Amino acid sequence: MTQVAVIGAGFGGLALAIRLQSAGIDTTLIEARDKPGGRAYFWERPTESGTFTFDAGPTVITAPDALAELWQLSGRDISEDVKLQPVMPFYRLNWPDGTEFDYSNDETRLRGEIAKLSPEDVDGYRRFLAYSEGVYQEGYVKLGHVPFLDFGSMLKAAPALARHQAWRSVYSMVSSFVKNEKLREALSFHTLLVGGDPMKTSAIYALIHKLEIDGGVWWAKGGTNRLVAGMVALFERLGGSVRLGDPVTHIATLGDRVTGIATASGFSMDVDAVASNADIVHSYRDLMPDNRSAQRSADRLERKRFSPSLFLVHFGLRGNFPDIPHHMILFGPRYKGLLADIYDHGVLSEDFSLYLHHPSASDPDMAPEGHATFYALMPVPHLGKFPADWEALAPILEARVLAEVKKRLIPDLDDRIVTKFSYAPPDFSRDLAAFQGSAFSLEPLFTQSAWFRVHNRDDTIANLYFTGAGTHPGAGIPGVVGSAKATAGLMLEDLT
């Protein structure tokens, strides 16, 4: 019987393992950490008040149909394992001058919010929405699940990419439709959720707006970790095997073929193919040290541009906060300059922007009764640009982040804190073997997208495959689930 190992139980690895097992491929999923999920890890923090549940992320669930499809492969329904509930508004955007903008797919309300900011931009937004729909159809529906294995496939896509001016940035394209600066920020910040600088990320990523408008923004009851648990349950029901807390240490090769894997515990298995959802540099550099082709691939990858890292502060508070929605973006006083500091200069700026996650707004069970769960996320330069002493810096930055939330939203925050902890770039490097502590793998530049990204099947090692944020189409739940679909198609064609 055909045997396959999938390395890494993040969303990409789980989605790929489910697709392979559904097709009758004997699949073993191997995860280094003690829990599945990868970046969608979670912590439970017991206190005298009760237990707080903190999701590591990602916490914005979009394209639910792409997830539901994983259950439909075996005639099941996602609702058997996961309860998805809509989040409204999608996000509340807040600026330092007190301006707020509720972002949703309620057409009447959204146009009203736009009119409050800039009445003359209502028609410009209508034209941007039409543009977003066009790139959604070309970039996600038609190309999002298609592997780009040769330059010819890129050339076939070129006319559509050119028609939608894919060489321009999201911010540039948004600015061609609307003039108000706050509205430009409101319609371009989404690329940050997949590791991209709005000033440089290809305009194709404007598709995210249409993706959310059509599919909504969702929350998994119990946390993103419950979506992970549901995917694991589905995979195991199908007959798949999961090994936790046992990192893969070696991918064995003979010539241009993978022959097996070995783990830290001493477990080993012969395989017909390996698919890695682990960090792309780690997969090549560390897991295949004796393969010259893999080492050349690692050398090339290390010269590419990687997305920033993140600094997160998780905190549990006494009290409930009905006026603070599930998702907020707290913009800082600068937009372009701050992005340049993070992506180009490797500077940790005095000012910053935050994504504030408040899951107990939708799901009170995430915190003890009468309490609330939050995290505040700050994009920061990765370790290659900013190799700081994070052990010394983290407490300072944590205090600054909490002070900003206090100033803008919760004046008595200090008196309400029950528990808190932070997560910094070295944690991404240590826990996820993430190159340079990057939170999103390769930066989604036009020159690092589609064929220019890591291929879903290695060009030289014929039975080595990749899924996840470093491959086409990129980061984010829809991206990595899409990569799994593209990779599964290749593997099933090759193995059956």
Side-chain angles (χ1 to χ4, degrees), residues 2-8 12-13 15-17 19-20 25 143-158 161 202 248 250-261 271-307 433-435 438 440-475 479-480 482-496:
T2 302
Q3 287 200 100
V4 168
V6 176
I7 303 170
L16 176 58
R19 286 187 173 277
L20 296 175
I25 302 291
L143 302 177
H145 316 118
V146 176
F148 285 77
L149 298 180
D150 55 64
F151 195 64
S153 59
M154 193 73 179
L155 290 176
K156 289 178 183 177
L161 297 174
S202 168
V248 171
H250 189 230
I251 299 173
T253 58
L254 182 63
D256 62 355
R257 303 281 300 176
V258 168
T259 57
I261 58 95
V271 297
D272 296 289
V274 164
S276 182
N277 182 221
D279 178 84
I280 48 176
V281 174
H282 170 68
S283 297
Y284 280 123
R285 172 73 73 210
D286 303 329
L287 302 187
M288 308 178 73
D290 48 1
N291 185 286
R292 296 176 68 180
S293 172
Q295 294 307 296
R296 287 193 295 269
S297 295
D299 289 341
R300 287 193 297 270
L301 285 169
E302 288 186 11
R303 293 193 293 270
K304 291 183 177 290
R305 284 181 61 106
F306 280 75
S307 293
F435 181 61
S438 168
F440 305 93
S441 193
L442 291 170
E443 190 177 339
L445 303 168
F446 180 67
T447 53
Q448 294 187 166
S449 298
W451 179 77
F452 299 111
R453 215 162 178 83
V454 171
H455 296 171
N456 300 78
R457 180 178 60 209
D458 187 80
D459 295 341
T460 303
I461 306 170
N463 59 341
L464 174 64
Y465 303 83
F466 291 90
T467 187
T471 60
H472 171 70
V480 299
S483 80
K485 186 172 184 177
T487 304
L490 290 171
M491 295 182 74
L492 294 176
E493 184 179 318
D494 293 345
L495 297 172
T496 58

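Positions are given from 1, in the same order as the sequence printed here. Treat the numbers as computed from the prediction; the structure is a model and nothing was measured.
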*asked:* Counting C-beta onward and ignoring hydrogens, is there a side-chain heavy-atom pair between Asp299 and Arg285 closer than 4.5 Å?
replied: yes

*So, do Thr496 and Ile25 sit near enough that their side-chain heavy atoms are less than 4.5 Å apart?*
yes

*Between the side chain of Gln448 and the main-chain N/O of Val454, is any donor-acceptor distance below 3.5 Å?*
no

*CD1 on Ile280 to CZ on Phe306, rounded to 0.5 Å*: 4.5 Å

*Mind checking the OG-CZ spacing from Ser297 to Phe466? Nearest 0.5 Å is all I need.*
7.5 Å

_Side-chain touch Thr447/Arg305, heavy atoms, less than 4.5 angstrom_ = no

*Can you list the residues that meet the salt bridge (Lys or Arg N to Asp or Glu O under 4.0 Å) rule with Asp459, with sequence neighbours excluded?*
none

*Grab the two heavy atoms, one from Ala278 and one from Ser276, that are nearest each other, plus how far apart they are.*
N-OG, 3.1 Å

*Does Thr471 reach the main-chain N or O of Gly468 with its side chain, forming a donor-acceptor pair under 3.5 Å?*
yes

*Taking the side chain as every heavy atom from C-beta outward, state whether Val258 and Asp458 have any atom pair closer than 4.5 Å.*
no

*So, Tyr284 versus Phe435, ring centres under 6.0 angstrom or not?*
no

*asked:* Would the distance check show the side chain of Asp272 and the main-chain N or O of Gln3 forming a donor-acceptor pair, the cut-off being under 3.5 Å?
replied: yes

*Interatomic spacing from CD1 in Ile251 to CD1 in Ile461 - rounded to 0.5 Å*: 8.0 Å

*Which atom pair, heavy atoms only, marks the closest approach of Ser441 to Gly470?*
OG-CA, 3.3 Å

*Does any N or O in the side chain of Arg453 come within less than 3.5 Å of the main-chain N or O of Ala469, such that one atom is a donor and the other an acceptor?*
yes

*Report yes if some heavy atom in the side chain of Tyr465 is under 4.5 Å from a heavy atom in the side chain of Val274; otherwise report no.*
no

*Nearest 0.5 Å, what's the CG-CG distance between Leu490 and Leu495?*
10.0 Å

*From CA spacing to verdict: side-chain contact (heavy atoms from CB on, under 4.5 Å), Leu287, His282*: CA-CA 7 Å; Leu287 302 187; His282 170 68; 3.7 Å; yes

*Inter-residue atom distance Asp286.CG - Asp279.CG, 0.5 Å rounding*: 8.5 Å

*Roughly how far, to the nearest 0.5 Å, is the CD1 atom of Ile261 from the CE atom of Met288?*
12.5 Å

*Looking at side-chain heavy atoms only, is the closest gap between Pro289 and His250 below 4.5 Å?*
yes

*Would you name the heavy atoms of Ala486 and Asn456 that are closest together and state the gap between them?*
CB-ND2, 3.9 Å

*Under the side-chain contact (heavy atoms from CB on, under 4.5 Å) rule, what do Leu20 and Leu492 come out as? Steps first, then yes or no, please.*
CA-CA 7 Å; Leu20 296 175; Leu492 294 176; 4.1 Å; yes

*How would you list, by chain and number, every residue that makes a salt bridge (Lys or Arg N to Asp or Glu O under 4.0 Å) with Asp256, sequence neighbours excluded?*
none

*Find out whether Arg300 and Arg296 are in side-chain contact, i.e. whether some heavy atom of one side chain is under 4.5 Å from a heavy atom of the other.*
yes

*Taking every non-hydrogen atom, the tightest pair across Asn291 and Ser293*: OD1-N, 3.1 Å

_Whether the Ser438 and Ser307 side chains hold a donor-acceptor pair (N or O, under 3.5 Å, no angle test) is what I'd like checked._
no

*Closest approach of Ala450 and His472, non-hydrogen atoms and distance?*
CA-ND1, 3.6 Å

_Beyond-backbone contact of Asn277 with Leu16, side-chain heavy atoms, under 4.5 angstrom_ = no

